[in-house]
Amino acid sequence: MTPSDARARYMRMRGFNVLFPMGFDAFGLPAENAAIRRRIHPKDWTYANIERMRHQLKSMGAMFDWRREAVSSDPEYYRWSQFYFNQLYHHGLAYRKMSPVDWCPNCNTTLAREQVWGEDRHCERCETPVIKKDLEQWFFRTTNYAAELLDFSNLDWPERVRTLQTNWIGRSEGASVAFTTEVGDALEIFTTRPDTLWGATFMVLAPEHPLVAKLTSPEQAQLVEAYVQQALRQSDIQREAADKDKTGVFTGGYAINPVNGQRIPVWIADYVLMTYGTGAIMAVPAHDERDFAFALKFGLPILPVIEPPDGRSKSYVVPGSMRSGFADILQAQGISFELVEDRLYITLSASQVAKYVDIAHRYLKPGYWNEVVGAQWMFIFDDGVQVWDSVESEARILLRCRELEPRVADRRTVMEMLWNCPFYQDVLYHHEYGTMIHSGEFTGTPGDQARLQVTAWLAEQGVGQGMVNYRLRDWLISRQRYWGAPIPIVYCPEHGAVAVPDDQLPVLLPDDVEWLPTGESPLKLHPTWKHTTCPVCGGPAVRETDTMDTFMCSSWYHLRYLSPHYDRYPFDPQEYDYWMPVDTYTGGIEHATMHLIYTRFFHKAGRDMGIMRGPEPMTQLRNQGIILGEDSEKMSKSRGNVIAPDDLVSRYGADTVRAYLMFFARWDMGAPWNGSGIEGVARWVRRVWTLMLEPVAPGDPSPDTLRTLRRKLHQTLRQVTHDFETFEFNTIVSALMELLNEMYKARDQGATGSSAWAEVLDIYLRMMAPVTPHVAEELWQHLGKSYSIHNQPWPIVDEEAAAEDQITLVVQINGKLRDRVMVPAGISDEDTRQAALASDAVQKHLAGTVPRKVILVPGKLVNIVV
RNA sequence: GCCGAAGUGGCGGAACAGGCAGACGCGCGCGACUCAAAAUCGCGUUCCCUCGGGAGUGUGGGUUCGAUUCCCUCCUUCGGCACCA
């Protein structure tokens with residue numbers, strides 16, 4: 001808090017009208033869980049906490065305008081959260097649907113996808129792994145704004161946050177393609193690789209896909225049913241583990257590939273997710289890693305349709321399969337190979353394949369075969385060469401090989417046979433872009449045009465079109481918890497879900513509930529609360545008993561600060577016009593894919609509903625790092641590693657604590673707490689105090705002393721100003737420390753009676769004011785200046801005073817430091833060169849040799865190259 | 001696996017449109033004051049050294065007169081995403 005408070009104070013001194021508000025995002029799981037643990041009513045616990053926090057913040061000297069305080073659990077606040085819900089509902093941006101959702105068994109509530117973290121898919125709050133439940137829940141249509149949320153052009157936000165959001169939204173460009181089942185049902189898929197359509201040798205549906213039942217043949221019914229049941233039982237963690245062995249079942253049904261009429265089997269497998277795309281994929285095992293593993297495991301055909309970019313092919317020659325002289329002729333033809341124990345391992349460039357096939361065919365002994373794989377796929381038999389370019393030719397080749405070699409008799413596909421040869425493995429599968437092969441009229445289309453051309457053709461044929469898919473999901477906002485804003489919906493047997501009219505808001509959260517956990521939503525168990533009347537017909541109806549995710553409350557709180565007690569609208573429009581959008585917003589990086597996406601969504605939705613204006617809610621964002629406990633773990637009461645500012649404040653005073661919080665680590669990086677340095681900052685504050693309050697008789701300072709002092713002063717002012725602008729708070733304090741050291745020197749040289757001294761004290765206190773507001777104010781008064789220092793303008797750098805009149809010229813020989821020479825600031829290049837060469841150290845090192853070259857950086861450095 | 005950030009003294013950290021590495025502070029050492037200690041003040045504090053210097057910003061290479069800074073390789077730590085078709 002304090003560094004941003006200091007910056008707000010700095011901006012005020014810069015002449016800005018600064019709104020620096022404070023409020024409490026008071027609803028939510030953490031508060032409710034903490035209250036339950038202590039067996040205190042969540043409301044009592046929350047408001048006691050708020051009071052404690054207010055006290056703490058005030059003791060730190062924050063400049064918050066408390067008249068603008070907003071508390072999201074106050075009815076006068078959540079009335080407007082409910083108003084926003086209604087608006088979203090009326091505009092079709094809030095909807096209710098039954099779906100498998102993430103459920104935290106410990107918090108007894110559903111969670112948004114953003115609130116489920118890590119590999120084990122745990123609850124963001126309590127770290128319990130979540131499970132899936134089928135529930136009817138309320139969602140906000142964040143996906144409507146997926147494309148717009150990717151546009152950061154109006155934002156001065158850190159690259160890091162933009163990247164996190166971009167990845168979270170997860171745009172992929174591709175095409176939708178209309179496959180059909182054998183009996184004529186449409187079976188649409190999404191693919192990013194329309195260029196591989198001719199290699200689609202089977203399809204895979206998510207187990208939950210609606211067509212599964214219809215596709216399943218009677219023979220497969222039992223297996224399919226069992227697999228679907230098992231998939232539903234499994235948690236996401238089990239299902240989504242990437243390294244898991246592929247599982248799946250054949251439905252017995254077939255689909256038709258629209259590009260070539262090929263009849264391909266339809267499988268179900270849990271590696272296809274119902275929640276992404278259409279819940280169905282075309283499988284191109286030759287160019288998709290997952291499909292490849294699946295096909296290999298289940299013996300499904302694999303057909304390469306994209307040439308690898310390097311054009312490399314391979315051939316492995318079994319001992320005894322070639323007539324003698326084979327290796328010699330290869331060598332003579334410039335075809336490189338490795339010979340290991342009579343086995344030949346041959347790697348071919350694109351141009352060598354034809355020549356090689358010819359030679360191999362001539363040298364092949366009867367009863368054997370040889371193959372070329374990679375960029376080209378050919379099987380050389382003694383009676384001719386078979387090209388593997390279709391599912392049919394593969395079948396023929398496989399049959400032939402099985403006849404010739406009993407050891408491959410049980411192989412189900414050619415690829416399975418080849419995969420057994422480790423030498424081949426790196427050329428059998430790839431997912432790069434390349435020239436299309438084995439793809440009918442598209443064969444030969446180069447990799448950089450393939451996707452575009454195929455997509456255009458699909459559209460022409462009416463079987464597909466270009467399409468963009470996002471990973472972002474709609475925001476699940478229902479929570480089966482007590483401590484939140486009630487969702488203002490009433491269910492009427494006649495009229496269904498009806499929004500509570502705005503003039504009847506807020507739907508008050510009752511105090512008299514059983515808030516101790518029962519595994520059920522507390523509002524549901526309240527004897528009377530949920531019973532009400534339908535706003536449409538007046539008949540008996542029941543209220544929605546779920547409450548809203550607190551991220552809903554925090555999505556618009558910046559607007560409530562404008563006018564926290566305004567009772568006609570979420571905010572006073574005049575205030576909105578004056579202040580919005582938020583100019584500077586600071587917060588932790590942990591908000592990147594939650595709060596900061598939600599609030600952007602909220603703003604854009606609000607804009608489209610005619611409530612807010614402009615493209616974005618917050619113009620400039622700067623991330624602060626997290627201060628960890630001394631044990632480098634996140635501070636938490638349960639770990640017992642929390643550093644309470646109160647203790648530090650009572651021991652060192654607020655100003656010292658403020659300054660130390662700015663000084664001890666980089667604000668944007670955060671660090672484990674380390675209290676040992678605070679003594680240094682305390683010493684600094686005391687030394688300022690001593691210097692200004694302990695009288696020292698003025699002496700007779702030299703002009704040099706005064707010039708040096710003023711130079712340091714204005715150089716410091718320049719740096720401090722810059723560092724405030726760029727949020728580099730740690731160097732603000734160190735620059736002030738440096739200047740103080742200089743001031744002590746000047747004092748000892750008798751400077752205290754001078755006008756320069758008065759100037760230094762004046763500016764020094766102004767620079768301190770944002771950092772240590774109390775000490776600065778008191779010393780300001782002591783200097784006899786008018787109240788208050790915090791209303792003073794920020795000082796202006798006197799560039800002339802800040803300029804150096806002497807510079808330290810660095811003299812290097814071959815880039816190594818050899819000497820430093822003091823020269824006047826405006827020195828000419830020629831004089832610089834002379835001064836450097838005249839140096840004793842240089843003369844000694846040169847020892848008579850003549851420099852080959854002299855590099856000159858004016859005003860800084862001379863490098864003599866010998 | 002993919003994406004991103006970061007590696008500088010005993011510690012927190014400075015410096016980077018390429019130009020004196022280690023500002024400022026902590027800690028530590030020595031000294032002054034003191035009977036003594038604390039506080040305060042002063043000096044010193046990257047490492048090695050034969051006191052001339054030499055090495056040094058995670059590793060190895062490259063570009064350059066010159067690299068903590070730019071490029072490539074690798075290592076480590078942290079964060080995010082992850083069967084997303």
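Quick note: numbers below take in every heavy atom, side chains included, and nothing from hydrogens, waters or symmetry partners. Chain identifiers are assigned alphabetically (A, B, ...) following the order of the sequence lines, protein sequences preceding nucleic acid strands; residue numbering begins at 1 within each chain.
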How long is the line joining CH2 of A:W267 and P of B:A85, in whole Å?
-> 23 Å
OP1 or OP2 of B:A55 less than 4.0 angstrom from a side-chain nitrogen or oxygen of A:K816, does that happen here?
-> yes
Please work out if A:W684 contacts a base, only the sugar-phosphate, or nothing of the nucleic acid, heavy-atom cut-off 4.0 Å.
-> nothing
Mind checking side chain to side chain contact (heavy atoms under 4.5 Å, CB included) for A:W117 and listing every partner two or more places apart, or none if nothing turns up?
-> A:H122, A:E124, A:M594
With rounding to whole Å, what would you report as the distance between B:G22 and B:C71 at their C1' atoms?
-> 26 Å
Spell out protein contact along nucleotides 16-29 of chain B as letters: B when the base is contacted, S when just the sugar-phosphate is, - when no protein heavy atom is under 4.0 Å; keep the 5' to 3' order.
-> ---BB--BBSS---
For A:V720 and A:A735, which heavy atoms make the closest approach, and how far apart are they?
-> CG2-CB, 4.2 Å
What integer number of Å spans the C1' atoms of B:G79 and B:G9?
-> 27 Å
Can you tell me the distance, in whole Å, between the CG atom of A:D723 and the C1' atom of B:A14?
-> 11 Å
With a non-hydrogen cut-off below 4.0 angstrom, is A:T166 in contact with a base, only sugar-phosphate, or nothing?
-> nothing
Please state the C1' separation for the pair B:A14 and B:G25 - nearest whole angstrom.
-> 11 Å
Which residues satisfy the side chain to side chain contact (heavy atoms under 4.5 Å, CB included) test with A:R171, sequence neighbours excluded?
-> A:L150, A:E173, A:V468, A:Y470
Taking the same atom, C1', in B:C20 and in B:G80, what whole-Å distance lies between them?
-> 40 Å
Can a side chain N or O of A:R162 be found less than 4.0 Å away from OP1 or OP2 on B:G4?
-> no
Take atom C1' in B:A23 and the same atom in B:C78, then report the distance between them in whole Å.
-> 27 Å
Does any residue of residues 712-720 of chain A have a heavy atom under 4.0 Å from RNA chain B, and if so, which ones, in number order?
-> none
Using the C1' atom on both, measure B:U57 against B:A15 and round to a whole Å.
-> 11 Å
Stem ranges of RNA chain B by first residue number, counting only runs of at least 3 Watson-Crick or G-U pairs under 3.5 Å, come to B:1-7 with B:75-81, B:10-12 with B:24-26, B:27-32 with B:40-45, B:46-48 with B:53-55, B:60-62 with B:70-72
For B:G9, is chi within 90° of 0 (syn) or not (anti)?
-> syn
What pairs with A:W684 under ring-ring contact (aromatic ring centres under 6.0 Å, His included), at least two apart in sequence or on another chain?
-> none
In whole angstrom, give me the gap between the C1' atoms of B:C41 and B:G18.
-> 41 Å
Length of the line joining A:W673:CH2 and B:C11:C1', which is rounded to integer Å = 15 Å
ring-ring contact (aromatic ring centres under 6.0 Å, His included) filter on A:H209, not counting sequence neighbours, yields none
With sequence neighbours left out, the residues meeting ring-ring contact (aromatic ring centres under 6.0 Å, His included) with A:F663 are none
Set of residues satisfying salt bridge (charged side-chain N to carboxylate O under 4.0 Å, His left out) with respect to A:R711, sequence neighbours excluded | A:E804, A:D805
A:S172 side chain N/O closer than 4.0 Å to the phosphate oxygens (OP1, OP2) of B:A85?
-> yes
Calculate, to the nearest 0.5 Å, the distance between atoms OG1 and CD belonging to A:T752 and A:E694 respectively.
-> 13.0 Å
Between B:A85, B:C81, B:C3, which nucleotide gets closest to the side-chain atoms of A:R471?
-> B:C81
Establish, yes or no, whether a centroid distance under 6.0 Å links the rings of A:F139 and A:W475.
-> no
When all nucleic acid strands are considered with a 4.0 Å heavy-atom cut-off, which category describes A:R171: base, sugar-phosphate, or nothing?
-> nothing
Hey, which sits more toward the 5' end of RNA chain B by its nearest nucleotide, A:G670 or A:T593?
-> A:G670
Atom-pair distance (CE on A:M594; P on B:G80), nearest Å = 10 Å
B:A85, B:G53, B:C3: which one has an atom nearest the side-chain heavy atoms of A:R818?
-> B:G53
Which way is the base of B:G12 turned, syn or anti, if we draw the line at 90° from 0?
-> anti
Could I get the full list of side chain to side chain contact (heavy atoms under 4.5 Å, CB included) partners for A:D426, not counting sequence neighbours?
-> A:R312, A:K314
Hits for salt bridge (charged side-chain N to carboxylate O under 4.0 Å, His left out) against A:D819, two or more places apart or cross-chain, chain-then-number order -> none
Flag this pair as yes if the NZ/CZ of A:R687 is under 6.0 angstrom from the six-membered ring centre of A:Y744 and inside a 45 degree cone about the axis; otherwise no.
-> yes
Quick one: ring-ring contact (aromatic ring centres under 6.0 Å, His included) partners of A:Y660, sequence neighbours excluded?
-> A:F664, A:W673
Do the side-chain N or O atoms of A:R290 get closer than 4.0 angstrom to the phosphate oxygens (OP1, OP2) of B:A82?
-> no
Nucleotide B:G12, atom P - distance to CD of A:E630 in whole Å | 14 Å
A:M662 CE to B:G13 P, straight-line distance once rounded to whole Å | 16 Å
Which whole-number value in Å describes the distance from A:I169 CD1 to B:C84 P?
-> 19 Å
Please check if the distance between the ring centroids of A:W267 and A:F298 is under 6.0 Å.
-> yes
Rounded off to whole Å, could you give me the CG-to-C1' distance for the A:D270 and B:C84 pair?
-> 14 Å
Taking atom C1' in both B:G61 and B:C47, compute the distance separating them and give it to the nearest angstrom.
-> 25 Å
Nearest listed nucleotide, side chain of A:K844, among B:A82, B:G53, B:C83 = B:G53
